[in-house]
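Have a look at the structure below, then the notes.
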Amino acid sequence: METKDYSKYFMPNMQDARKRINRYTNVYKFTLDEEYKKLGQNRFYYIKTYGCQGNNADSEKIAGILEAMGYQETAEIEKANVLLLNTCAIRENAEMRVFGELGRLKGLKVKNKDLLIGVCGCMPQEENVVKTLYEKFPYVDLVFGTHNIHKLPQYLRDAYFSQDRVIEVYSQEGDIVEEIPMKREHQVKAWVNIMYGCDEFCTYCIVPYTRGKERSRRPEDIISEVKELIDLGYQEVTLLGQNVNAYGKDFVDIEYTFADLLADLNKLPISRIRFTTSHPRDLDDRTIEVMSRGGNIMPHLHLPVQSGSNTVLKRMNRKYTKEEYVEKVKKLKQAVPGISITTDIIVGFPGETNEDFEKTLELVKECEFEGAFTFIFSPREGTPASRYEDSTPMEEKKKRLYRLNEIVNEGYLKGNKRFEGEVVEVLVEGKSDKNPNLLTGYTPHNKLVNFIGDEFLIGKIVKVKIDKAFTWHLRGKIVS
Ligand code: 5AD
Ligand code: SF4
């Protein structure tokens, strides 16, 4: 790539992103200046979201801001005046999908000169990505990162009225901006961010660089958001954070932890509370105790283990051993009888031997996971593990993933089978994509259920008797 002068842009930098400056997080409220309120009139937007629930929640904010500016959503990409790709950087294939999509969008730009194409989310937090976007995708008009969504109105104005492209990515997190309008994707369940960023620095992971340091939202702001959702008729909230168990550790004026938050939300009249993602080291006894109170706290926990080998865990900087993990799982199962535990696993981490891998398989059996997201290690530029020596061929890694998935899938099926013949409560989310005669929803244990029922049940919690369990879902008949 030829050298370009980027000095007029705000470019990201991984070294700065790694720094953790211990300053107090300011909280301020989002406002939209009058000058932006008509910018979107008679214009349409289309957002494509990649990656985790954190990105889904961000897209809801982006959509909320755009609608406050007068834009309307369109499901037809050709009709859009603003097209945003909210991207994920967690693995290389996530990035390749975005570059592929951008390639396809070139044609749209030729047809519609008024179209603004923007790339936001985690990928622009990487300097090499911004350079690639600049040099290879000249039709991308707007690039911004995860720390400055609230400045979107200004970026759009600049993109319309300046001849240059708008590139503004901050390497370090800013303040917490409250009251950004949200256009929520669902009417039944909602995502609620409780914190931003991650301070764990697992050696394979790019998130601490793309999302910045841990910053917790004030409890009163979270509680009032949940109360608002209750007033709007929401039945379920999922509390979001990269490591929810670290919630509150950054408060300097109050002592208030994740367990406190969960206990406070447990008292509110919302039917279901879930949370993700948990870190095994930070999941403490108090949180387990609050989970054991049940009520609206759902008996499912996603607890990423990553590997069953202590050597690998150490090189991943996960800060717990396999034995400590198993101990936590035991405690959870005692405290919350019947709890369903799911996990994340990486195979083929640099230096993972066959023996290490066998230990992962043993752990999966021992913990009886009822589901797992499994990945082949993907080196992320700038992270420590991307520099570790890695001599295992990809073919071998694929074989490991295949073997792991076979065992994981047995766990899915076994986890579903235990509900055959049982009556379960299903929060009805909508019609099944595959068969419009079927309704679909989740049980407290986060099992997907399909059953025949009328549309008016959407949004309600109904009782369903399960007749058959499959690997990925349950099938049943409504009993009430
Ligand atoms: N390669 C493969 N998987 C990764 N994950 C995070 N970073 C990487 C990487 N570089 C996985 C972890 C994490 C999940 C969200 O993605 O399992 O828990
Ligand atoms: Fe990444 Fe580890 Fe933070 Fe999860 S806890 S986001 S895997 S660094």
Side-chain angles (χ1 to χ4, degrees), residues 23-41 45 47 49 53-73 82 84 86 118 120-121 144-157 168 170 172-197 211-234 236-242 244 247-248 250-254 256 258 260-261 264-265 268 270 273 275:
R23 68 165 184 83
Y24 184 75
T25 307
N26 289 306
V27 180
Y28 67 90
K29 288 183 181 161
F30 176 85
T31 51
L32 187 66
D33 289 350
E34 280 306 315
E35 64 165 315
Y36 300 121
K37 288 193 180 154
K38 292 205 169 115
L39 206 63
Q41 256 181 4
Y45 73 91
I47 306 172
T49 309
Q53 284 120 332
N55 263 14
N56 284 319
D58 284 351
S59 287
E60 293 184 337
K61 288 183 185 153
I62 293 170
I65 294 175
L66 289 168
E67 301 225 340
M69 294 173 72
Y71 287 94
Q72 288 165 264
E73 189 172 20
V82 172
L84 291 174
N86 189 7
C120 59
F144 62 98
T146 55
H147 302 311
N148 46 352
I149 288 175
H150 58 287
K151 289 180 77 180
L152 180 59
Q154 191 187 314
Y155 299 149
L156 285 169
R157 182 202 55 195
E168 191 158 312
Y170 303 154
Q172 278 170 2
E173 64 292 332
D175 301 313
I176 288 184
V177 187
E178 286 294 343
E179 297 186 16
I180 296 185
M182 287 179 101
K183 189 187 182 207
R184 296 194 190 261
E185 191 185 336
H186 303 280
Q187 274 74 55
V188 180
K189 59 178 187 180
W191 316 118
V192 175
N193 280 114
I194 62 165
M195 61 190 302
Y196 305 97
R211 293 263 166 193
K213 93 172 165 79
E214 279 169 5
R215 292 146 286 149
S216 304
R217 281 180 76 197
R218 304 294 298 183
E220 58 277 16
D221 290 331
I222 299 169
I223 291 168
S224 72
E225 186 175 337
V226 175
K227 284 183 176 163
E228 244 171 63
L229 290 164
I230 295 171
D231 290 343
L232 289 167
Y234 279 85
E236 177 174 308
V237 292
T238 301
L239 311 175
L240 292 183
Q242 299 298 339
V244 290
Y247 174 78
D250 55 320
F251 290 146
V252 288
D253 55 338
I254 49 169
Y256 190 88
F258 181 64
D260 294 320
L261 179 67
D264 281 342
L265 296 175
L268 295 184
I270 180 125
I273 296 173
F275 52 90

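Positions are given from 1 along the sequence. Predicted model, so just to flag it, every value in this text is computed and none were measured.
For R215 against K213, the heavy-atom pair with the smallest separation is NE-O, 2.8 Å. Minimum interatomic distance between L240 and A57 (heavy atoms only, all atoms of both residues): CD1-CB, 3.9 Å. Shown here for L239 and V244, the closest heavy-atom pair between the two residues is O-CG1, 4.1 Å. When all heavy atoms are compared, the tightest approach of N55 to N86 is O-ND2, 3.1 Å.
Of the possible donor and acceptor atoms, one in the side chain of Y234 sits under 3.5 Å from a partner among the backbone N and O of H186. Checking side-chain atoms of D264 against main-chain N and O of I223 turns up no donor-acceptor pair under 3.5 Å.
In this structure, the side chains of Y247 and Y256 come closer than 4.5 Å at one or more pairs of heavy atoms. Residues C120 and D58 have side chains not in contact (no heavy-atom distance under 4.5 Å, counting atoms from C-beta outward). Between L66 and L84, the closest side-chain pair of non-hydrogen atoms falls below 4.5 Å.
Below 30°, between 30° and 60°, or above 60°: for F258 and F275 the angle between ring planes is above 60°, a perpendicular geometry.
K227 NZ: 12 or fewer foreign heavy atoms inside a 6.0 Å radius.
Remark: I149 CD1 to I180 CD1 distance equals 6.5 Å, nearest 0.5 Å. I47 CD1 to N56 CG: the interatomic distance, rounded to the nearest 0.5 Å, is 10.5 Å. Rounding to the nearest 0.5 angstrom, the gap separating the CD atom in E179 from the CG atom in D221 is 7.5 Å. Atom CZ of residue R184 and atom NZ of residue K189 lie 13.0 Å apart, to the nearest 0.5 angstrom. Of the inter-residue distances, the one linking T146 atom OG1 with Y196 atom OH reads 11.5 Å to the nearest 0.5 angstrom. Here the straight-line distance linking atom CD of E168 with atom CG of L152 works out to 11.5 Å at 0.5 Å rounding.
A donor-acceptor pair shorter than 3.5 Å can be found between the side chains of E67 and Y45. Using modelled atom types and a 3.5 Å distance limit, the side chains of D250 and S216 yield a donor-acceptor pair.
With sequence neighbours excluded, the residues satisfying salt bridge (Lys or Arg N to Asp or Glu O under 4.0 Å) with R217 are E178, E225.
With H150 as the fixed residue, the side-chain contact (heavy atoms from CB on, under 4.5 Å) test singles out one of L32, T31, D175, V177: V177. Of the options E60, K61, E73, a side-chain contact (heavy atoms from CB on, under 4.5 Å) to K183 is made by E73 and by none of the others.
In this structure, R218 pairs ionically with D253, as a charged nitrogen and a carboxylate oxygen lie closer than 4.0 Å.
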Discussion item. Does V192 form a side chain to side chain contact (heavy atoms under 4.5 Å, CB included) with I222? I'd like the steps, not just the answer.
Written reply: CA-CA 8 Å; V192 175; I222 299 169; 4.2 Å; yes
